[in-house]
Amino acid sequence: MIEENLLLILVGLPFAAAIAASTVRASAHGAAAWVSGLLLAAGLAILALLHAPISDGQVLRSTLHWVPSLGLNLTFRMDGFVWMFVTLVFAIGILVLVYARYYLSKADPVPRFYAFLMAFTGAMVGMLMSGNILMLVVFWELTSILSFLLIGYWHQGQAARDGARMALIVTGLGGLCLLVAMLILGQIVGSYDLDRVLAAGDIVRGDPLYPLVLGLFLLGCFTKSAQMPFHFWLPGAMAAPTPVSAFLHSATMVKAGVFLLVRFFPVLGETELWFFAVTGTGMLTLVLGSVIALFRHDLKGLLAYSTISHLGLITALAGIGSNGAILAAMFHIVNHAVFKASLFMAAGIIDHETGTRDMRRLSGLIRFMPVTGALAIVASAAMAGVPLLNGFISKEMFFAEAADWHNGTWLDNSLPYLATIAGIFAVAYSLRFIATVFFGPEATDLPKVPHEPPSLMRRPVELLVLVCLVVGILPGLTLGPTLNLAAQSVLGADLPYKDIAIWHGFNLPLVMSLVALGAGVALYAALGGRIATGPEGPPLLHRIRAQRVFERILLSLTWKLPRIVHRTLGTERLQPQLRLIVLLTIAAGFVTLWGSLRQAPSPLATGFNPAFALMWAVGAVCAVGAAWLAKYHRFASVVLLGGAGLVTCLTFAWASAPDLAVTQLLVEIVTTVLLLLGLRWLPKRREEIEEDKLLPARIRRARDFVIAVVAGAGLAGVAYVMMTWPLIPNVGDWFLRNAYSEGGGTNVVNVILVDFRAFDTFGEITVLAIVGVTVFALLRRFRPAPESIMLDEEQAGLEDRTLADALLVPSVIMRWMFPVMIVLAAYLFFRGHDLPGGGFAAGVTVSVAFLLQYLAHDVRWVEARLTVLPIRWMGIGLLIAGATGVGAFLFGYPFLTMHAQYVDIPLIGQVPAATALIFDAGVFSLVVGATVLMLIAIAHQSLRTTRMRERDSADTSEKEAA
Amino acid sequence: MSLGPEHLIIAPILIPFFAGALMLVYDERQRRAKLTISLVAVVASLLTAVELLIRSKGSELTGNNDIGFYLLGDWAAPYGIVLVVDRLSAMMLVLTGLLALPALLYAAAGWHRQGQHFHSLFQFLLMGVNGAFLTGDLFNLFVFFEVLLAASYGLLLHGGGQLRVRGGLHYIAINLTGSLLFLIGVSLVYGATGTLNMAQLSMIVPVLPEARLPMFHAGAAIMGLAFLIKAGIWPMSFWLPTAYMAGAAPVAAMFAIMTKVGVYVILRLSFLVFGAGAGASAGFGAEVLIAGGMATVAFGFLGVLASQGLGRMAAHLVLVSSGTVLAAGGFVLAGGGAQIFAAALFYLLSSTLAISALFLLIEPMSREDGGIAALLALTADAYGLDEREEDRQPEVGLAIPGTLTVLGLSFGACVIALAGLPPLSGFIGKIGILQGLLTEGAATPALSWAFVALLILSGFATLVGLVRVGIQTFWATEGEPPRVLALEIAPVVALIALLIVLTIKADVTLGYMRDTAEAVSQPSIYAEGVLGAPRAAEGEASE
Amino acid sequence: MTRILPHPLLTVALILMWLLLTRFSLGHLVLGSVIAVLAGLALARIEPEAPRIRSWSALLRLVAIVSVDIVRSNWAVARLMLTNGRHGARTSAFVVIPLRLRDPVPLALLAVILTATPGTAWLEHDREAGTLLLHVFDMVDEEEWRVLIRDRYEALLMEAFA
Amino acid sequence: MTALDSLPPWLMALVAFFLVLGSTLTLLGAFGLFHLKSFYDRIHAPTLGTSWGTAAILLASLLAWSWVQDRVFVHELVIGICVMVTTPVTLMFLGRAALHRDRAGGKGPVPGCGRSDRPPQMASAPAND
Amino acid sequence: MTTVLWLALTWAQIALGLAACLAAYRIAVGPRAQDRVLGLDALYIATMLLFIVTGMRLGTPFLFEAALVIAIGGFVGTVSLAKFLLRGEVIE
Amino acid sequence: MEMVLSAAIGVLAASGIWLLLRPRTFQVIVGLCLLSYAVNLFIFAMGRITLGAPPIMPRGGFIDPTAYADPLPQALVLTAIVISFATTALFLVVMIASRGLTGTDHVDGQEREP
Ligand code: NA
Ligand code: NA
């Protein structure tokens, strides 16, 4: 129980450190480092406590439930392998903290750095300890995100931004692949629990999806571990502050990939596919990485490629997968972490003290910083694989596996040679590092005068180098048990204990090591001078800068190509979009109706009426004419549209829909005026646009014509078939039966509108109100086109006297019609419930009455006499309608429950008193307000332009005067 | 829920209605009063929605799914209009409220002064959206669609300007066309079945005579097109990015729900009418949803990558989100199980909140540099490759001012949530869908795999696109940080806090979604409930 | 009284209109009156002055004359249509007619009369010059038209209105 | 068959006469509109329909419905008066617009064509259709 | 005698329909914008009369309202068209 | 009548759709108007054609629903008329504003690139 809690605490500690660090003052370097360091140290203490059960072979587990239904639980799990890794992370983490404390400038904002660093540590530890493969991916992605923030810490530099972004993109993509792999894996195994997955190797390998899982899994691992060809993000990540590099590229980030390879070897390994993919990639990376490292001029660049190369080595071992190989892989994970961390720190010191990392400028530094120099020399020797240092032993183990292990494939046969070649280059680049930086003549053009760094900054390096030495000399005594424990936890408890020693006798691996040492020294001796003067990168290969290649590919894949495809698949023009919609509608109709659209066995028919046909001949002429003339003869088009509308009204009336006819007629009038109001602001179009006569335009029109005809014919066909089918029993019958008895009105359509389905009307008037308000709001900010401000030529000839003249006689009649229309509105309103009419029709009638006055006079004249506050009318109308609806609440009925009754008034007799009438009054008020508002808002634009014109002319005359 | 009128159900429609109408009577200069009314209304609607959500959870007895009915005008179901609240609609109501409050607060920081009658339009939009979620009648749905569209036209144009007017013109033209399609579809459905009531429709369709079936399908297909236009399905979604981008920040944030209305209606009607029990019509349109949804996701993430501005990216993310839910819905309709549906609903919730937050972030982020950052992000990539100086690295980090830190963290949270990266809720939703596809999508293996790939790719594209812009905005710009009011950043933080809550409480939410999915796939509960809903007058008579 | 009924004549006409449209009942009389009064008030906002009729008999005479003229001219023009303008012999022409009428209301009535009688079209009234430009469909003698308008309609209108 | 079948023969004949008269007059007017050559001629044609065309048909309707409904049914009066009163408005505007444009274009024997009350440079352009 | 009325109604309908067609010719062909408006005005009247005649033929009085609306409000549309021709603006 | 009415719907719809696909805002608005006529008639047609029997009921007594026109499509058309009127007005205003701001009446706010 305690151990379970300890596991949780262990994961929580770095996050706690992150939170603590983020709360300190910006300049409190010491505090942040101390808090973080102490919390990590506490972690080490916990690890020490856990060592006992772990060394007993126990696997510790602890679970927090998060989303159990998805199998997403925070399960933590620790065995020997994890213990070793976590200890490494914590230990190096503390050293990095100490180092960073002195490395970072006083001006650096502390909290962010330490918080990110610690959160990253937490994510790494969480990943290592995850006992749930989905949670593993969660932490995995967290390390990607946090490393992004760390690499981009000095984000004012372009390199840092690019490096961070690239790292995120590469590792993030890998993480997504890993996610899918884990999901499928969980699917195959039936659980996301790591233990169950680890136990289900045979099932997984036998599954048809195995290659897919493996591929996705390896993509995840390789991207993270910077295996070729995904290695390029790692050198780019060198733009990070050195402590970050030292941490990310030694013990953490990049090691996550190899950790996973080793961890999942029992599940996914032991197949030929695995061997070729993993060992092949590892060897390629090993060799190429070491070659490139030799040719880098940047200190950190050299170390970065060395890291890549060493990760290749570990990967290759994981691919081989023999007991010895796994043990060697684990050993090299630790060793590499130790010497690479120290080397990065040393490089950081050099950079810090000299102001450059360019090896061509650095020289003879041993005289300025003998201690640092000595430390760096030892660490490089470890990196080169010099005996008595830790790197030598694990590399020796690798050579042994390369040489002794066989499965008979060509790759297997070439392993020893490749390993030796890589060894040669490793020696050469290590040598170059030492020789060029610390020896030779004193550098003259350094930005700073170098000297030893503060001693505390050197302490971590010293400690790490000490570890190199101790492990190198006494491997079996120091790391042996831990490594064996770790290997057991991966490969199985029955694994025989393997002794790790420096001396195994004079054998093939030793020969390979000696060849590598000798040839490496010879190689550097031969090439050293030329490398310094050459370009950055190996011959031939330097032209292909993987990073640049990647960026170009990325740019093509994530921008240029998508843009092309996006443009091809989409459009921003309206016409194609509308055309698509029409075509899709036609398609939908065809797909659903093709072959099954047929008349009823005995179709309904009403007799042919020649007058009706004649009227629709008119309607058709008007419709087609409106379409034909809408471009160049807009006015004619409006007139024709009016004709088509009129025939539509007639049809409604003819086919027993008087309400529709009345409403459509009134709307027709208002629409005509609206269109005319709009017409005034459109550009004059007198001459045909040249382009319209060209062939492409003709083809476009022909195509649209065909589309339109097909769509029209389709709609007509559907309408015809529907009309000839007998009406099926529908809800309409109920309305007819109950309109009078239940709704208290004889005009069923009106009863539906104000009672049965009053909620529709309620929504509909809201639409009107919204549109009114929108029109008003939009026109408040209206700016007409300059040419529209010019006086229209028809008007130009007429002076104001002529306007008064022109309107003198007709305006009399138009004024007379004002009260007549009001009476008509009242008539339509009051009889609506029983006979054709209603609030809407009445409202439009009143607004037409107002409109007529605007037509008969000018705006100023009318508004001096009639005060219309349309928005007020609208608000009140809405509130009346709403209040009528809510009124029903008082009687315990739902919204819009209407009450109808005939009230007896003496002398006058029965008067219908339906609450529906009040609702209709609301509709009326709203319609008046909205319609008037729309018309007047547009009309006022002319007034505004007139004012503008007046102001303009006043301005010009003033200028002339001045 | 209970006999007689239960006015709570209509409150999400009436509250914004009365608020909007009342504010029309107020003078435009009394902005403080309007803001107060508006805020009160939004909070009240949200609380009502939450209460409805709690009630619709029901109990063990009701199969964890209580359906509430509201007979408007006290007319029995197939004749009058009925409002129905169930788990799904209650959830959408809550989501609407959750988006509205931050958007309104953000607008209060200044946007509402940019034009006339902002608050009324905002309330009417809420009314329309809530109405569309609640109504159980096809034509009434049309009316509420029009209410919300009309309000959205107004809000989109709020503030004026060339971009808005141009985007608005396309938006209006296309939606008017869509509305006409809706009408054609509705009338065909009425002509073929004789009813407009969704519940009755679900009863009629399984027993519809064969001769009438094609007509009904045609109607459903055409109506479906109208919904899909609103849901932004490819290839009928090209208007969407421009329109959403053109809208003012709070408007765009609110628009995040608009495509979801289309998605909601598609899901609601599909499961009601074309569910497993629909006989010859079962699964109608599933292929279209799957193919269209996937194409939308693809188009969306290509758009994210191809875009130069953050606004356009966010708009394309809207497409990704709605395409994902549509395709997932299609898979469920084609025979997939509750898991995909539940996860898709979770994803819908999460992505909508995140997109809304992103829309609110865009404007403050690009305030100082006038949105150049987003532009530079690509041009630097595209053209600066070879000239990049091997500059001396800085050795001192920049202190990031508080505003930028908050903006940056918020942006980061949005990116993570939208890309479906762990640990935020987007990841959980995506995991759920992926799991569902791998287990339940076996009926359509090729399509399932394609969708898996698309989901991963879209997440990746989101990451690449947004990080590109984020880096340029937060890391590469020098100079003064933007001046941002607390009132502008608080809503974003609130939305992200919601995302975090959603993440932590993912199991509870997913459980709710699972029950919702179960309930939605049993249309008989809905249909029988609606048609048997008692009138208040009858309740009175029997007492 | 003038405040409630600024246009009494009109109000009466509107009540009559209401009753014509609905039914002759007390209820409708009341409702119609209310509406008519309101409508009259509305008109008063834009036209405060009610036209004063001096002679009802002149007005009645005018109505009688016009009724006959309408029938006659309908017949005449219809025949012209049927005979293709007396087989091409018809000529139309503009006539400028000096008017003594200045008041807009009688002018409007004149316009109604001229429009209602086919064969004459009111084209333009020049207020300053006091002339009316008329288009005559079947022109035989210009002076005849001037006399006709002046004596037959204008005189009666001037007599009817103050 | 409809309600109007209950009309007595004499009334039926009267109604039929008015119907034929009114519709024929209207048709004649429309024919004039169709075939007359000049706009100023055409402006006369529709008034056939608005005067006796309308009157006759309204009369027919009035007679028929009054008989059927058993009471004086004089809705039609309102229509008749309103048509008569409102027709001149449009025609006056149209006539004036035509004159104005013809004068501007210097076309045809239009009175006042030579009037110099407008600056010559403004004179331009054919009609807006 | 019913035949007489029926014939008269039929003739009236056809005559009015033809009248509408002739008016439509003017609307569609022009040649002047004024002609189109004039045609629309004539079409309005023909339609109004057709409302009345059809109402009689169908035996329903409910077409009357539509005719009334045309009589009282129909001219507003054509007036605004005509005013636009005269002034280039509908409301100024 | 059915034949004529369906042909009418077809012609209106075809004209409307043709205009809808045109490049000028004014064409589109006229197209939308024509289309809405077509759609309104189409909705109306779903109630079938009934002559001379408007859904106006006697006061009480037995009612034979088959003797009257289906009232529901009429009610729907009424709502649709109002809504399409409103949205047409809005589109018109946006058209004016777009023309004022962009200087062109092209639907895309810019002339087509050659
Ligand atoms: Na050197
Ligand atoms: Na005349």
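Excluded from the calculations below are hydrogen atoms, water molecules and symmetry mates; all remaining heavy atoms, backbone and side chain alike, are included. Chain A is the first sequence line, chain B the second, and so forth, proteins listed ahead of strands; every chain is numbered from 1.
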Give, for atom CZ of A/R872 and atom CG of B/L24, the distance between the pair rounded to the nearest 0.5 Å.
10.0 Å
Sort [X] into side chain, backbone, both or neither according to what part of it lies under 4.5 angstrom from a heavy atom of chain B.
| X | result |
| --- | --- |
| A/E572 | both |
| A/L580 | side chain |
| A/F735 | side chain |
| A/L578 | side chain |
| A/L72 | side chain |
| A/L561 | neither |
| A/I188 | neither |
| A/W140 | neither |
| A/L557 | backbone |
| A/F590 | neither |
| A/A883 | backbone |
| A/L715 | side chain |
| A/L209 | side chain |
| A/V886 | side chain |

Region of [X] that comes under 4.5 Å of a non-hydrogen atom in chain A:
| X | answer |
| --- | --- |
| B/L457 | neither |
| B/I81 | both |
| B/T503 | both |
| B/Y26 | neither |
| B/L14 | side chain |
| B/F427 | side chain |
| B/L155 | neither |
| B/L181 | side chain |
| B/L213 | neither |
| B/L510 | side chain |
| B/I229 | side chain |
| B/F299 | both |
| B/A461 | neither |
| B/H158 | neither |

Determine the interplanar angle of the B/W75 and A/F756 rings, folded into 0 to 90°, and report it as parallel if under 30°, tilted if 30 to 60°, perpendicular if over 60°.
perpendicular
Look at [options] and state which one has the largest set of heavy-atom pairs under 4.5 Å with chain A.
| options | answer |
| --- | --- |
| B/L455, B/D137, B/L434, B/T242 | B/D137 |
| B/G80, B/S187, B/G303 | B/G303 |
| B/F118, B/F301, B/W234, B/F216 | B/W234 |
| B/M127, B/E146, B/K430 | B/M127 |
| B/I222, B/T195, B/L121 | B/L121 |
| B/V147, B/L71, B/L83, B/L72 | B/L72 |

Which heavy atom of [X] sits nearest a heavy atom of [Y], and at what distance?
| X | Y | result |
| --- | --- | --- |
| A/L142 | B/P422 | CD2-O, 4.3 Å |
| B/A150 | A/V767 | CB-CG1, 4.1 Å |
| B/Q116 | A/F776 | OE1-CE2, 3.5 Å |
| A/S69 | B/R514 | CB-NH1, 3.4 Å |
| A/T571 | B/F238 | O-CB, 3.0 Å |
| A/V67 | B/A506 | CG2-CB, 3.6 Å |

Contact winner vs chain B - A/R567, A/H65, A/Q187, heavy-atom pairs under 4.5 Å:
A/Q187
Chain B: which of A/T592, A/L584, A/L149 shares the most heavy-atom pairs with it under 4.5 Å?
A/T592
Between A/E742 and B/Y79, does any side-chain donor sit less than 3.5 Å from a side-chain acceptor?
no
Going by distance alone, is a donor N or O of one side chain under 3.5 Å from an acceptor N or O of the other, for B/T405 and A/R112?
no
Working note: A/F148 + B/V467, criterion side chain to side chain contact (heavy atoms under 4.5 Å, CB included); need CA distance, chi angles, decisive distance, verdict.
CA-CA 10 Å; A/F148 162 77; B/V467 163; 4.0 Å; yes
Minimum side-chain heavy-atom gap A/I581-B/L225 below 4.5 Å:
no
Answer yes or no: is there a donor N or O on one side and an acceptor on the other, between the side chain of A/Q577 and the main chain of B/W239, under 3.5 Å?
yes
Expected output: side-chain B/Y70 to main-chain A/F895 donor-acceptor under 3.5 Å
yes
A/W725 vs B/M215, test: side chain to side chain contact (heavy atoms under 4.5 Å, CB included). Steps then yes/no.
CA-CA 11 Å; A/W725 273 87; B/M215 243 358 155; 5.7 Å; no
What verdict does the ring-ring contact (aromatic ring centres under 6.0 Å, His included) test give for B/F144 and A/F759, after you've listed the backbone C-alpha separation in whole Å, the side-chain angles of each residue and the deciding distance to 0.1 Å?
CA-CA 10 Å; B/F144 276 110; A/F759 202 48; 5.3 Å; yes
Partner set under side-chain hydrogen bond (donor to acceptor under 3.5 Å, both in side chains) for B/Y190, not counting sequence neighbours
A/N730, F/D70
Begin with the C-alpha distance, continue with both residues' side-chain angles, and end with the deciding distance and a verdict on side chain to side chain contact (heavy atoms under 4.5 Å, CB included) for B/I428 and A/W66.
CA-CA 10 Å; B/I428 299 169; A/W66 181 21; 3.5 Å; yes
By side chain to side chain contact (heavy atoms under 4.5 Å, CB included), which residues pair with A/I880, not counting sequence neighbours?
A/I876, A/T884, A/I918
Apply side chain to side chain contact (heavy atoms under 4.5 Å, CB included) to residues B/Y153 and A/L778 and explain how you reach the verdict.
CA-CA 10 Å; B/Y153 304 148; A/L778 187 64; over 6 Å; no
